[in-house]
Chemist: 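Pasting a structure here, questions to come.
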2 protein chains.
Amino acid sequence: MRRGDRLQIDQAADSPAMRHWIVVSGMAASCKALPDGRRQILDLEMPGDLLARPAGTPDGTDSWVEILCDSIVCEIDLSADRDKLYLDPQLTKRLLDDAWSRLDAKLVHVVALGRLDSMERICLFLLEMAQRSGTDKGGATRVSLCLSRDDIADYLGLNAETVSRLLGRIKKAGLAIFLSPTEYAVPDMKALAKRVPIGARFSRSGGLASPPRVATASKEVAI
Amino acid sequence: MRRGDRLQIDQAADSPAMRHWIVVSGMAASCKALPDGRRQILDLEMPGDLLARPAGTPDGTDSWVEILCDSIVCEIDLSADRDKLYLDPQLTKRLLDDAWSRLDAKLVHVVALGRLDSMERICLFLLEMAQRSGTDKGGATRVSLCLSRDDIADYLGLNAETVSRLLGRIKKAGLAIFLSPTEYAVPDMKALAKRVPIGARFSRSGGLASPPRVATASKEVAI
DNA sequence: CGTTTACTTGAAGCCGCTCAAACTCAGTGG
DNA sequence: CCACTGAGTTTGAGCGGCTTCAAGTAAACG
């Protein structure tokens, strides 16, 4: 699937989630929009993530999953096995673990939107992207950003202009180096992590732990 | 348990959730605090709610559950049945349904904190309280508020003074009638719901649906 | 009655938003 | 090769909503 494609699912309110998706490669965003057009990105879906209920339950908002860059998404229809769903311990364990780690991620998101200022939010975002989809390139972590400034804004509860200004300050501070508007490298993950007062744990399946927030000798400067 | 009491649980990161709690009566709040003292209330726990993982996974923040008014909370320790946990279809179904409806509620919370303004947030909150813990008293819905202004602020990502001012405006507009600072009545749930651009579905176990957002003849006025 | 705690109200300030203009760059066609 | 286009981004100026700080009020309790 390509950028802009959507998975839009209107499951009946009372039907249990029977169609599931797994992101194999690429990246997608779970979105909600209010009647007046305001949009909130709820989650970034990356390889390995299980989309168990893309639409959630109806709450009067538009909900959909939006492909951010060329992706492979695998559909699993469990309707036939509906009755046996809860009889398979391995499957239920996977679903439960997935739901719980999603819940943990959402709690971090709530704290970010409720209590972090814009600079803290953007640092958390850059850190999250680096931890979840970054590749190590000679010490620095290289990240390819599939999101536009608008997308980032809608994920962080900000607007595109503010995001652009913040990224400018981060670039000036040397916390991240921008190779292009959609490609950056983090030379020092710990320095970035020090800007974020919440230590997020980002892998969906319990692999990566957050880097220890070690106190370094370098001095803090306002950015 | 009484107001101010806490359930503070430091479960090992890798141990599955073995101790659970059920709120039988009263009300509690799941909280997180940042190192500098900023606090975010993540969830309001009401009778019937299952606290499957009060502490979540460690992320560098303090996490706890705080009792808001005299409550009865029932502890269930499943450690002994640990290995059999995923073999009981009924139990896993309950856990899964609970996790999913919690997730849905958190998505609404994220939209609220990310994209609603302060007046919309407080209306959503009053509506949520009315739907989840209100009692019908001759047409109006009577709600007893266990939260202080500070608590409400920490739930909505605002501050106590702002909450106080907003409640003043709501009172003046007649959307809610305050019998005391912690007791109010909603004379017209539909009128209140019209102030909120997202139709939340608040019961944890799939009972109550959101009230239909019927267009009425009454004119909208700025409040 | 005084003390404490929570709530309310006011004035001033700042952060992030809105609106608008300039810039970058890939794509297109002459 | 250059000019043109259009979407995305950057930058600036000004505004407004929410916060901060501070003072004042109300209710609870010894």
Side-chain angles (χ1 to χ4, degrees), chain A residues 2-4 29 34 36-40 66 68-69 112-126 144-173 176-184 195 222-223, chain B residues 2-4 29 34 36-40 66 68-70 112-126 144-172 176-184 195 222-223:
Chain A
R2 325 190 85 179
R3 169 154 188 102
L34 303 178
D36 63 7
R38 281 175 285 180
R39 180 178 72 146
Q40 176 69 46
E66 194 169 317
L68 295 173
C69 57
L113 297 181
R115 287 292 174 234
L116 300 191
D117 68 26
S118 61
M119 180 53 78
E120 292 169 326
R121 288 187 212 179
I122 233 141
C123 288
L124 178 65
F125 169 75
L126 293 177
S144 171
L145 209 48
C146 301
L147 313 194
S148 70
R149 301 295 183 258
D150 256 308
D151 293 334
I152 300 172
D154 285 342
Y155 184 56
L156 298 178
L158 301 170
N159 73 14
E161 294 92 330
T162 301
V163 168
S164 180
R165 276 182 260 263
L166 290 166
L167 291 178
R169 283 165 61 191
I170 284 171
K171 189 175 160 183
K172 244 188 255 173
I177 295 146
F178 280 82
L179 313 150
S180 85
T182 61
E183 189 111 9
Y184 68 96
R195 300 289 176 182
I223 54 175
Chain B
R2 326 192 86 179
R3 170 153 187 103
L34 302 178
D36 64 7
R38 280 175 284 181
R39 180 178 74 146
Q40 176 68 47
E66 194 170 316
L68 295 172
C69 56
D70 293 1
L113 296 182
R115 288 291 174 236
L116 299 193
D117 69 26
S118 61
M119 180 53 78
E120 291 168 326
R121 288 187 214 179
I122 214 110
C123 288
L124 178 65
F125 168 75
L126 293 178
S144 170
L145 209 48
C146 301
L147 313 193
S148 71
R149 301 296 183 258
D150 255 309
D151 294 333
I152 300 171
D154 286 342
Y155 184 57
L156 298 178
L158 301 169
N159 73 15
E161 294 92 330
T162 301
V163 167
S164 179
R165 276 182 260 263
L166 291 166
L167 291 178
R169 282 166 60 191
I170 284 171
K171 188 176 160 184
K172 242 188 258 173
I177 295 148
F178 281 82
L179 313 150
S180 85
T182 60
E183 189 111 9
Y184 69 95
R195 301 289 176 180
I223 54 175

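Letters A, B, ... are given to chains in the order of the sequence lines, protein chains preceding strands, and every chain is numbered from 1.
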Chemist: Nearest whole Å is fine: how far is C:dC17 P from A:D117 CG?
Modeler: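 Nearest whole value for this atom pair: 12 Å.
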Chemist: Atom CG of A:D150 and atom C1' of C:dT18: how far apart are they, to the nearest Å?
Modeler: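 Spelled out: CG on A:D150 to C1' on C:dT18 is 14 Å.
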Chemist: Please enumerate all residues that pass side-chain hydrogen bond (donor to acceptor under 3.5 Å, both in side chains) together with B:S118, with sequence neighbours excluded.
Modeler: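 B:S118 satisfies side-chain hydrogen bond (donor to acceptor under 3.5 Å, both in side chains) with no residue once adjacent residues are dropped.
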Chemist: To the nearest Å, give me how far apart CG (B:D154) and P (D:dT19) are.
Modeler: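 The answer, rounded to whole Å, is 11 Å.
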Chemist: Could you state the atom-to-atom distance from CD of B:E120 to C1' of D:dC18 in whole Å?
Modeler: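 Whole-Å distance recorded here is 15 Å.
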Chemist: Would you mind reading off the distance between B:R38 atom CZ and D:dT20 atom C1', rounded to a whole angstrom?
Modeler: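 Rounded to whole Å, this separation is 15 Å.
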Chemist: Partners of B:L179 by side chain to side chain contact (heavy atoms under 4.5 Å, CB included), sequence neighbours excluded?
Modeler: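 Side chain to side chain contact (heavy atoms under 4.5 Å, CB included) list for B:L179, sorted by chain: B:R142, B:E183.
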Chemist: Once side chain to side chain contact (heavy atoms under 4.5 Å, CB included) is applied, do any residues pair with A:T182, and if so which ones, sequence neighbours excluded?
Modeler: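 Partners of A:T182 by the side chain to side chain contact (heavy atoms under 4.5 Å, CB included) criterion, ordered by chain and then number, come out as A:L145, A:S180.
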Chemist: D:dC18, OP1 or OP2 - any side-chain N/O from B:N159 closer than 4.0 Å?
Modeler: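 Indeed not, no polar side-chain atom of B:N159 lies that close.
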Chemist: Whole angstroms only, please: what is the CZ-C1' distance between B:R115 and C:dC17?
Modeler: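 From B:R115 CZ to C:dC17 C1': 11 Å.
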Chemist: For A:Y184 and D:dT9, give me the distance from atom OH to atom P, rounded to whole Å.
Modeler: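 Value for this atom pair: 15 Å.
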Chemist: Would you say A:S118 reaches C:dG16's phosphate, i.e. side-chain N/O to OP1/OP2 under 4.0 Å?
Modeler: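 So the side chain of A:S118 is within the cut-off, an N or O lying under 4.0 Å from OP1 or OP2 of C:dG16.
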Chemist: Looking at residues at least two apart in the chain, or sitting in another chain, which of them share a side-chain hydrogen bond (donor to acceptor under 3.5 Å, both in side chains) with B:R3?
Modeler: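 side-chain hydrogen bond (donor to acceptor under 3.5 Å, both in side chains) check on B:R3 returns B:D151.
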Chemist: Scan nucleotides 8-13 of chain C against the protein and return all N/O pairs shorter than 3.5 Å with their distances rounded to 0.1 Å.
Modeler:
| unit_1 | atom_1 | unit_2 | atom_2 | d |
| --- | --- | --- | --- | --- |
| C:dT8 | OP1 | B:R149 | NH2 | 3.4 |
| C:dT8 | OP2 | B:R149 | NE | 2.8 |
| C:dT8 | OP2 | B:S164 | OG | 2.8 |
| C:dT8 | O5' | B:S164 | OG | 3.1 |
| C:dG10 | N7 | B:R165 | NH1 | 2.9 |
| C:dG10 | O6 | B:R165 | NH2 | 3.4 |

Chemist: Could you state the CG-C1' distance from B:L113 to C:dG16, rounded to the nearest angstrom?
Modeler: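 Between C1' of C:dG16 and CG of B:L113: 16 Å.
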Chemist: Among all residues two or more places apart in sequence or in another chain, which pass the side chain to side chain contact (heavy atoms under 4.5 Å, CB included) test with A:D117?
Modeler: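 Applying side chain to side chain contact (heavy atoms under 4.5 Å, CB included) to A:D117 gives A:M119, A:E120.
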Chemist: Do the side chain of B:R39 and the main chain of B:Y155 share a donor and acceptor less than 3.5 angstrom apart?
Modeler: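 Side chain of B:R39 to backbone of B:Y155, a donor-acceptor pair under 3.5 Å: no, none is there.
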